[in-house]
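Chain letters run A, B, ... following the sequence lines, proteins first, then strands; residues in each count from 1. Any value given below was found using the heavy atoms of this structure, including those in side chains, with hydrogens, waters and symmetry copies removed. It should be emphasised that the depicted structure is a prediction, and the values quoted were computed from it without experimental measurement.
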Amino acid sequence: MEDNKPQVIKITFDGIEVEVEPGTTIMQAARRIAEADSSQHHLVPPAMCYYEPLKGSGGKCRACLVKVAQGSAKDTRPMPKLVPSCITQVQDGMVVENVTNPAVLEERKGIVEFLLLNHPLDCPVCDQAGECHLQDFAFEHGSAKTRYEEERRTFEKQDIGPYVQLHMTRCILCYRCVYTADQITDKRVHGVLGRGDAAEIGTYIEKAIDNDFSGNVIDVCPVGALTDKTYRFKNRVWFSKPVDAHCQCDKCSGRVTLWYRGEEVIRVTARKNEWGEVKEFICNTCRFEKKKTSDWVIEGPTKVQRSSVISANKYRADVIKKPDFALKLAASQYKPIDDSRPYITDDQTIRELSIENNNKANQRSLAEKN
Amino acid sequence: MQQLTNRSKQVSNKEMTLAERIYLPAIAHGMAITIKHFFQKKVTIRYPEVKRYLGPVFRGRHVLKRDADGRERCTACGLCAVACPAEAISMVAEERQKGEEHLYREEKYAAVYEVNMLRCIFCGLCEEACPKQAVYLRHDEFVPVFTERDQVIWGKDLLVEDMNNRYLREAWTKEEAHAQDLKKAAGAISHVEPRAIP
Ligand code: SF4
Ligand code: SF4
Ligand code: SF4
Ligand code: FES
């Protein structure tokens, strides 16, 4: 055995060569490509269960399947089946095909269909709509029709603690919330019960989560299964305006996104990066209790991707700037109005005044003509 | 000179014939056309007493439909508002309480639903966006002329369908519409206001 392992590994992802450290997964390598060149964003495989900040996540949903056309430089055979890119580590000389391989895209359609098998058609009611990864995934990779005709499994909605509501019907069993509870909070009180088709997220003996960071399960949930009870039906995400803000908090970093409706803060969430992942978890006090602008120091509007529906009907100040000549024209034609005149409501007086004004105007125009 | 396009007409200066010169045949011909039209059926109608059939896809005022059981279909999903190019629609959602199942079809409903008729351009995009088949633009009613500001914004009181006078688009051709109008005028369909027939 050689032990002089190379310090960087070269792989080819969709024809793009990239050098990464050993131990990187294919997904991470693809993300590095997109981070270096934002025009390659579309190359990155979709992820429904993998969550970079959560150790051990991934490998559940199969949304990220890719084709490995060459296993490594030493063993140039392709891997026999599609592999989940989020948990497959790269090897030197690996050649990976994602969007360049039609079989992968075809497979992804099937994965969407599987994820939607038991999913309700709930988007008009669901609070996640507009920032839902399942919507994105189905829109980008799925087909518009369903072939499923059987009865879908349904659950009653359930309260997990005072702030979080679980809609098990919408859950895709990505386990992200379980890992969050495991790794961020000290004591996990909810997990996946049952197996296969009967698997569901549940709290053991209905014990409420009273952990200080339990609210973060709302942010990590890619779908609308875990939602904020204080935000329930308050507004659709695309009518609210996200603003970055921070505060002094002794429990968390205090760096959040505030969601405004008019002047009112209707929701507080942690900040998500370009992969929709939260790097800095926030505490429940920040999330659920500080819903006044005065609690926060505003940093400015959150950057929202143009492709996101959240950017709809919002206009950046520099986009709606009026052209200079229009302003000048308006200024040159502006006539100050004499507002000291009395406000008249009496019909008779109005009629007399307008006759008088008419006469005056007629005389003016006559005088101009002569 | 060579012609660049074939649109220009060459002017001719030819001598007029005798018939053209005595002028009277041309006048007689012109009068004949006038008199012919004089006895023809008129193409104009006496609006507003008489109204034309506007076609099954005419886009008039909005209506928020109820389902067969009389429950409001709209679930305040906001898709119509985000589709609206004129930003005419606004709404406030509310959660359905226990015991209100006969009023609202979904778990969530629009407590407030407003259309600003001054902004609306009657493009019908809201109708197309709606996943619940809730909002429609009526093909048979306009927004009446407004004279006051507070008539401009239409709330749920004006928009939600009246179960005793439902909006049903049954006639899809002009002939069907005529047949329906005749029935209405004769009182065969009683719950809809009769409309005059041109
Ligand atoms: S979780 Fe996503 S896909 Fe499912 S109902 Fe909610 S918005 Fe729609
Ligand atoms: S008809 Fe068009 S402009 Fe009018 S409310 Fe609907 S979407 Fe908006
Ligand atoms: S009318 Fe239709 S599109 Fe508009 S909010 Fe209601 S359900 Fe949604
Ligand atoms: S993201 Fe890779 S399997 Fe779910």
Legend entry - Heavy-atom proximity to chain A below 4.5 Å, by part of B:Glu87: side chain
Legend entry - Pick from B:Cys84, B:Ser90, B:Ala93, B:Cys77 with the largest number of heavy-atom pairs that fall under 4.5 Å of chain A: B:Cys77
Inset, instruction - Please flag which part of A:Phe239 lies under 4.5 Å from any non-hydrogen atom of chain B: side chain, backbone, both or neither. - result: side chain
Inset, instruction - State which residues pass side chain to side chain contact (heavy atoms under 4.5 Å, CB included) with B:Thr17; sequence neighbours excluded, sorted by chain then number. - result: B:Ala19, B:Glu20
Inset, instruction - Could you tell me whether B:Arg46 atom CZ has more than 12 heavy atoms of other residues or ligands within 6.0 Å of it? - result: no
Inset, instruction - Evaluate the criterion side chain to side chain contact (heavy atoms under 4.5 Å, CB included) for residue pair A:Trp238 and B:Leu79; output intermediate values, then yes/no. - result: CA-CA 10 Å; A:Trp238 57 87; B:Leu79 290 186; 3.8 Å; yes
Legend entry - Residues of residues 109-125 of chain A contacting chain B, heavy-atom criterion under 4.5 Å, by residue number: A:Pro124, A:Val125
Inset, instruction - Supply the atom-to-atom distance B:Glu94 CD to A:Lys234 NZ, rounded to the nearest 0.5 angstrom. - result: 10.5 Å
Inset, instruction - Name the region of B:Ala81, side chain, backbone, both or neither, that has any atom closer than 4.5 Å to a heavy atom of chain A. - result: both
Inset, instruction - Answer yes or no: does atom CD of A:Glu151 have more than 12 heavy-atom neighbours from other residues, nucleotides or ligands under 6.0 Å? - result: no
Inset, instruction - Below 4.5 Å from any heavy atom of chain A, which atoms of B:Glu106 appear? Answer side chain, backbone, both or neither. - result: side chain
Legend entry - Atom CZ of A:Phe139: over 12 foreign heavy atoms under 6.0 Å: no
Inset, instruction - Would you indicate whether A:Lys241, at its atom NZ, is surrounded by more than 12 heavy atoms from other residues, nucleotides or ligands within a distance under 6.0 Å? - result: no
Inset, instruction - Inspect the surroundings of NE2 in A:His42 and state if more than 12 heavy atoms from other residues, nucleotides or ligands are less than 6.0 Å away. - result: yes
Inset, instruction - Look at atom CE of B:Met163 and say whether more than 12 heavy atoms of other residues, nucleotides or ligands are closer to it than 6.0 Å. - result: yes
Inset, instruction - Take atom CG of B:Asn13 as the centre, draw a 6.0 Å sphere, and report whether it contains more than 12 heavy atoms from other residues, nucleotides or ligands. - result: no
Inset, instruction - Provide the closest heavy-atom pair for B:Glu107 versus A:Phe233 in the form atom of the first, atom of the second, distance. - result: O-CE1, 4.0 Å
